[in-house]
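Step one of this worksheet: look at the structure below.
All values derive from a computational prediction rather than experimental measurement.
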Amino acid sequence: MADIGYSATSKEHDAQLGDYFALLKPRVMSLVVFTALVGLLAAPVTVHPVIAFASILFVAIGAGASGALNMWWDADIDGVMRRTSKRPIPSGRVQPGEALNLGMGLSFLSVMMLAVTANLLAAGLLAFTIFFYAVIYSMWLKRSTPQNIVIGGAAGAFPPVIGWVIATGSFSVEAWLMFALIFMWTPPHFWALALFMKSDYDDAGVPMLTVTHGRKSTRVHIIVYTVLLAVLAVGTGFTAIGGPLYLTTAVVLNALFLKGALHIWRRDEQSALADDYAVEKKFFRLSLWYLFAHFGVILAEAALRPFGFGGW
């Protein structure tokens, strides 16, 4: 970990159960669970409910393990950034070694148990996802390149593929389309956050695009990725996991998303400061609903398909 003013020994160690749970990044975990479940249920293979529940549980534990390892490694910069300064390690409530042990232990448990409940391919993919997030993204990309979010977004995009593999034991085009939706959504989502978090990433020395290329360039990147995302999202409506309900939702949501990205692109810092980044914050909030809505209608299409309503 880089030394950016963090010192656990100077703070009180008074951990509660909730502090250890916070290490697992429960909000991120909820997205992982949801998208993995959609991948599992959208697959053309029925999984026994008990097996499905256990498998998704171990995927959730694996996601939590990734979060704990990320917080262990990033404790120094978390202590500098306002958004993360109250996390368990920089606030002194949990010691770094405890987070490391928790992350390693849950990683081993989740991968081994998923191999038992589902299959080796799903377990191997979960292990790779944990490694990718903890090592490739957290330890390498995040502090070395402005493409950290672009490449690192793959870690958050694997859960629906894992869910699909749990059900089928193999990969498919549909699984990778769900992967691509999350992968392409991640950059504009986080770049919008970086715009209104102002100096956080500068203070922490993280080479976010806003720091290395400036805010004007970041606004251009947001509109470019949003256009590419819209093409992908609407195009997915014509595939096996799409259908009329998905396509209608995708057209409406992507029109709103494109409108928001266009508004961000046209703004300068003076106008953004004048309204406290209201447009960027609105776009960021919409991005949260954007992903849940797309995967929600993929799930709805899968649920309606047996009754002759879902799909084409």
Side-chain angles (χ1 to χ4, degrees), residues 2 4-5 28 31 70 74 76-85 133 136-157 180-235 250-291 293-294:
I4 313 181
V28 175
L31 179 62
N70 171 263
D74 278 351
D76 53 346
I77 60 175
D78 281 349
V80 175
M81 295 168 48
R82 289 170 298 166
R83 182 174 65 90
T84 57
S85 62
Y133 185 70
I136 303 298
Y137 169 67
S138 299
M139 297 182 186
W140 176 31
L141 295 172
K142 187 172 184 176
R143 306 188 192 211
S144 64
T145 171
Q147 296 301 308
N148 46 21
I149 287 300
V150 178
I151 305 170
L181 274 174
I182 302 175
F183 184 79
M184 294 301 296
W185 163 87
T186 302
H189 167 74
F190 275 102
W191 285 333
L193 174 67
L195 284 172
F196 67 77
M197 288 309 296
K198 302 176 184 177
S199 64
D200 260 15
Y201 292 107
D202 301 76
D203 295 341
V206 176
M208 188 65 75
L209 195 66
T210 50
V211 178
T212 61
H213 289 66
R215 293 174 178 272
K216 183 177 180 180
S217 177
T218 302
R219 294 175 186 278
V220 173
H221 277 73
I222 287 175
I223 186 66
V224 170
Y225 270 84
T226 301
V227 169
L228 295 174
L229 174 62
V231 172
L232 170 68
V234 173
V251 168
V252 172
L253 278 174
N254 283 278
L256 293 173
F257 214 48
L258 282 168
K259 180 181 178 182
L262 187 63
H263 199 172
I264 288 176
W265 173 57
R266 287 175 173 172
R267 279 158 67 86
D268 55 28
E269 282 306 298
Q270 185 175 359
S271 59
L273 283 168
D275 63 10
D276 192 28
Y277 294 88
V279 172
E280 290 78 7
K281 291 176 181 177
K282 182 179 179 181
F283 181 85
F284 178 77
R285 290 192 295 269
L286 176 61
S287 72
L288 296 173
W289 287 106
Y290 177 98
L291 201 63
H294 276 78

Considering residues at least two apart in sequence or located in another chain, which fulfil the side-chain hydrogen bond (donor to acceptor under 3.5 Å, both in side chains) criterion with [X]?
{"X": "S271", "answer": "D268"}
{"X": "R83", "answer": "Y201"}
{"X": "E269", "answer": "R219, Y277"}
{"X": "K281", "answer": "D276"}

What pair of heavy atoms forms the shortest contact from [X] to [Y], and how long is it?
{"X": "A261", "Y": "T226", "value": "CB-OG1, 3.6 Å"}
{"X": "P188", "Y": "F283", "value": "O-CE2, 3.7 Å"}
{"X": "G152", "Y": "Y137", "value": "CA-CD1, 3.7 Å"}
{"X": "G79", "Y": "S85", "value": "O-CB, 4.0 Å"}

Quick one: pull up [atom1] in [X] and [atom2] in [Y] and give me the separation to the nearest 0.5 Å.
{"X": "L209", "Y": "W191", "atom1": "CG", "atom2": "CH2", "answer": "5.5 Å"}
{"X": "I151", "Y": "L141", "atom1": "CD1", "atom2": "CG", "answer": "5.0 Å"}
{"X": "H221", "Y": "H213", "atom1": "NE2", "atom2": "NE2", "answer": "6.0 Å"}
{"X": "I222", "Y": "R215", "atom1": "CD1", "atom2": "CZ", "answer": "10.5 Å"}
{"X": "R285", "Y": "E280", "atom1": "CZ", "atom2": "CD", "answer": "11.0 Å"}
{"X": "T218", "Y": "I223", "atom1": "OG1", "atom2": "CD1", "answer": "13.5 Å"}

Taking side chain to side chain contact (heavy atoms under 4.5 Å, CB included) as the definition, give me every residue that meets it alongside [X], ordered by chain and number, with sequence neighbours left out.
{"X": "T186", "result": "I149, I182, F190"}
{"X": "W140", "result": "I136, S144"}
{"X": "F284", "result": "H189, A192, L193, F196, S287, L288"}

**Study point:** Under 3.5 Å: donor-acceptor pair, side chain of R82, backbone of M197
**Key:** yes
Check your understanding: Is a side-chain N or O of S138 found less than 3.5 angstrom from the main chain of Y133, in a donor-acceptor match?
Key -> yes
Per-pair distances, 0.1 Å, donor-acceptor, side chain in residues 250-260, under 3.5 Å, sequence neighbours excluded:
residue, atom, partner, partner atom, Å
N254, OD1, Y290, OH, 2.6
N254, ND2, A250, O, 2.7
N254, ND2, H294, NE2, 3.2

**Study point:** Test applied, side chain to side chain contact (heavy atoms under 4.5 Å, CB included); reference residue, T84; option that passes from I77, D78, D74
**Key:**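 When I77, D78, D74 are each tested with T84, the side chain to side chain contact (heavy atoms under 4.5 Å, CB included) holds only for D78.
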Check your understanding: Quick one: salt bridge (charged side-chain N to carboxylate O under 4.0 Å, His left out) partners of D275, sequence neighbours excluded?
Key -> R267
Review point. How far apart are the C-alpha atoms of V206 and V211, what are their side-chain angles, what is the distance that settles it, and do they pass the side-chain contact (heavy atoms from CB on, under 4.5 Å) test?
Key: CA-CA 8 Å; V206 176; V211 178; over 6 Å; no
